[in-house]
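Following: one structure in structure tokens, then a few remarks.
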Amino acid sequence: MCGIVGYIGPRDGVPVVMEGLQKLEYRGYDSAGIAAFADGALKLCRSVGKLRELEQRLRANALSGSPVIGHTRWATHGRPSEANAHPHLYRGVVVVHNGIVENYVALREELAARGHEFSSETDTEIISHLIACELDAGHDFPAAVRRALARVRGAYALAILHEKHPGMMIAARQASPLVVAFGEAPGEYFVASDIPALLAWSRDVVFLDDGEMVVCDAAGCRILAVADGSELVREHQRITWDPIMARKGGYRHFMLKEIHEQPLAVGNTLLGRIAEDRRRVDLRETGFTAADWRRFERVVIIACGTSWHAGLVGKFWLEGLARVPTEVDIASEFRYRDPLVDERTLLIGISQSGETADTLAALKEGKQKGAAVLAICNVMGSTLTRMADGVLYTHAGPEIGVASTKAFTTQLVCLMLIAVAMGAARGGLEEERQADLVDGLLRLPVLLERALEQAPTVEEIARRFHHATDYLYLARGENYPIALEGALKLKEISYIHAEGYPAGEMKHGPIALIDENLPVVVLLPHDRHYEKVLSNLQEVVARDGQVIAFTAAGDVRAAAGCADVIYLEEAGELLNPLVYALPLQLLAYYTAVLKGTDVDQPRNLAKSVTVE
Ligand code: G6P
């Protein structure tokens with residue numbers, strides 16, 4: 001977790017780094033700090049709490065200069081405190097770090113035995129000590145960094161300054177994301193954990209790979225192999241995201257903005273993936289051919305959190321349309337189970353960030369056993385996309401709200417595209433059916449707009465029930481994962497306990513919870529499960545539960561006994577999960593706003609979980 005930013009160049013780097021950190025606050029927000037070369041001397045400013053605390057400190061102790069490095073923290077080693085906040089300074093070496101030094105206990109003991117004293121409880125501080133030792137031994141700054149990193153096991157994205165090298169910034173990467181950007185002015189370089197931090201300044205970037213570092217100074221920006229210091233030539237990429245896309249765009253919260261972006265985002269996901277005749281799906285960009293789609297005997301979908309819920313819906317589609325046996329596994333479970341996969345298995349890794357440690361480790365495990373990896377991912381150049389055999393980007397644009405929304409619906413679109421492509425290649429999906437599904441996909445943006453028009457009604461429902469202590473969400477079939485996702489959204493941002501349950505399973509437990517205080521969300525689309533879900537709904541009504549039903553526009557049967565009903569324009573049996581997901585996101589959002597929680601940065605959660 002954590003976000004790092006660094007700047008070197010002709011302008012004052014403090015506002016540059018502070019603005020970058022603000023864009024990365026989603027990566028962690030329990031403390032923050034910066035280090036800057038001001039008038040040739042290295043100065044630090046750190047603070048516990050959100051970035052605004054640091055901003056206040058900076059107002060009191062004006063700081064300006066270049067180079068500058070900064071950090072926004074999500075604690076892993078050492079509780080949130082000023083002493084544990086980054087940057088960490090030891091004998092003129094100052095470091096910001098995202099990741100975990102796995103062998104830090106052994107290194108700390110070794111350094112302590114040699115008389116080193118530590119000013120924090122962090123693993124990071126070890127790195128500044130190791131570098132200082134190498135400098136003492138007479139190595140130049142880049143060599144000292146390389147030699148120190150050779151001793152570090154674990155994950156890091158680092159930005160480093162040294163008081164004797166006021167014109168140099170070094171950054172390095174191992175298993176934590178790091179992007180380098182090239183400014184327009186000569187000698188102007190930026191580093192950051194993620195693209196939104198850099199967008200305001202540059203579009204010209206290089207995504208560092210594991211084991212790579214950059215040395216930026218007046219002579220330029222060199223990319224080196226950490227192992228032997230050899231210089232590497234890396235291809236630059238141009239980022240097309242608009243900086244305005246990465247801001248709140250007039251909405252009160254990023255989450256609300258991102259909920260409302262879904263019609264557009266889903267449209268973007270489809271761009272270039274539908275054949276010209278609008279009757280077929282074209283996924284050649286993944287590098288997977290029709291022969292590839294045919295050769296897999298099994299699909300295993302691996303993900304965490306909301307991405308896992310998308311995978312659960314994907315199973316219905318892959319099995320239904322492509323007739324390929326599909327399992328969906330939580331990454332942290334899969335990776336420790338010695339899973340049964342081989343070269344006839346397609347692993348689909350779903351991750352908004354492309355940096356979730358468990359997902360990456362699980363896919364690596366599967367890959368070692370010979371499986372092919374197809375990534376569904378939102379972040380260009382992320383670790384997942386670089387380890388996968390093929391990638392289908394969600395093209396949702398930056399998602400800043402910790403609770404995932406547009407990433408989820410665009411992941412669903414990708415899964416449907418894969419199911420159709422696979423079904424077509426394997427011969428089970430007739431041309432007419434493919435054309436119908438393509439047509440359904442292309443109608444989604446309009447239907448999602450319509451679903452969002454229900455926002456005022458959903459807000460009213462939230463107002464009515466926001467004092468509830470528990471919520472139950474019921475659905476069947478491909479909408480059952482949407483019930484799980486609705487419950488997760490509510491838990492994440494409003495801190496109300498919520499459970500998603502298959503409606504048919506209610507009688508085996510949750511029915512005991514029902515009383516006049518329990519709001520029960522029931523998803524009642526007009527599909528093959530309708531009558532059965534309606535019976536379940538009535539079972540709740542009969543026990544005085546407060547039913548909030550979501551059903552098809554024009555339904556006259558559903559309302560009886562319900563506390564509230566939301567009517568939605570449907571997208572057809574298979575694609576309805578996308579339509580039904582949106583009002584549940586809104587219900588969670590408005591409930592959280594009414595409860596006054598921190599919607600975009602809920603307590604204890606982080607957007608990108610880069611630790612186990
Ligand atoms: C965290 C986030 C969730 C997200 C999950 C998986 O828990 O708070 O919103 O669904 O990680 O993240 P990924 O980037 O792999 O989709």
Side-chain angles (χ1 to χ4, degrees), residues 1-3 24-29 74 76 175-177 193-196 253-255 258-259 265 301-314 328-335 347-364 373 375-388 391-412 414-415 481-482 484-495 500 581 584-585 588-589 592 597-612:
M1 226 74 63
C2 308
L24 296 186
E25 248 195 322
Y26 73 89
R27 299 180 65 87
Y29 32 79
W74 187 84
T76 55
S176 292
S193 302
D194 197 2
I195 300 162
H253 295 99
F254 280 114
M255 183 183 178
E258 288 157 6
I259 289 173
I301 300 177
I302 292 167
C304 301
T306 289
S307 299
W308 176 65
H309 292 155
L312 292 175
V313 179
V328 191
D329 219 333
I330 290 175
S332 55
E333 292 294 318
F334 176 90
R335 64 184 285 199
L347 294 181
I348 302 182
I350 310 177
S351 173
Q352 186 285 130
S353 61
E355 302 294 348
T356 301
D358 282 320
T359 304
L360 295 175
L363 292 169
K364 203 166 153 200
V373 174
I376 296 178
C377 188
N378 194 37
V379 180
M380 188 202 270
S382 59
T383 308
L384 171 61
T385 65
R386 281 179 288 122
M387 61 116 45
V391 183
L392 196 57
Y393 284 105
T394 42
H395 294 324
E399 190 180 68
I400 308 294
V402 166
S404 187
T405 51
K406 62 177 177 169
F408 176 66
T409 36
T410 53
Q411 287 165 352
L412 290 179
C414 286
L415 285 161
I482 302 302
L484 291 178
E485 174 60 9
L488 177 65
K489 286 282 89 80
L490 193 73
K491 274 187 279 217
E492 281 181 312
I493 60 169
S494 76
Y495 316 147
L584 301 195
Q585 296 168 348
Y589 173 77
T597 60
D598 190 342
V599 172
D600 283 332
Q601 294 178 345
R603 68 184 181 203
N604 304 337
L605 293 175
K607 181 78 185 155
S608 182
V609 182
T610 52
V611 292
E612 251 192 75

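Residues take their numbers from the sequence shown, with the count starting at 1. One-based numbering, in listed order, for ligands and for the atoms of each.
Distance CG/L484 to CG/L584: 11.0 Å, rounded to 0.5 Å.
Here E355 pairs with nothing under the salt bridge (Lys or Arg N to Asp or Glu O under 4.0 Å) rule; sequence neighbours left out. Among residues two or more places apart in sequence or in another chain, the salt bridge (Lys or Arg N to Asp or Glu O under 4.0 Å) test is passed with E258 by none. Scored by the side-chain hydrogen bond (donor to acceptor under 3.5 Å, both in side chains) test, Q601 finds K50 as partners (sequence neighbours excluded).
A donor-acceptor pair shorter than 3.5 Å cannot be found between the side chains of S404 and K489.
Listed by chain and number, C304, G305, T306, S307, S351, Q352, S353, T356, V402, S404, A606, K607, V609 each place a non-hydrogen atom less than 4.0 angstrom from ligand 1.
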- [ ] Start with the C-alpha gap between H309 and F408, add the side-chain angles, then the distance that decides, and say whether ring pair (Phe, Tyr, Trp, His ring centres under 6.0 Å) holds.
- [x] CA-CA 8 Å; H309 292 155; F408 176 66; 7.1 Å; no

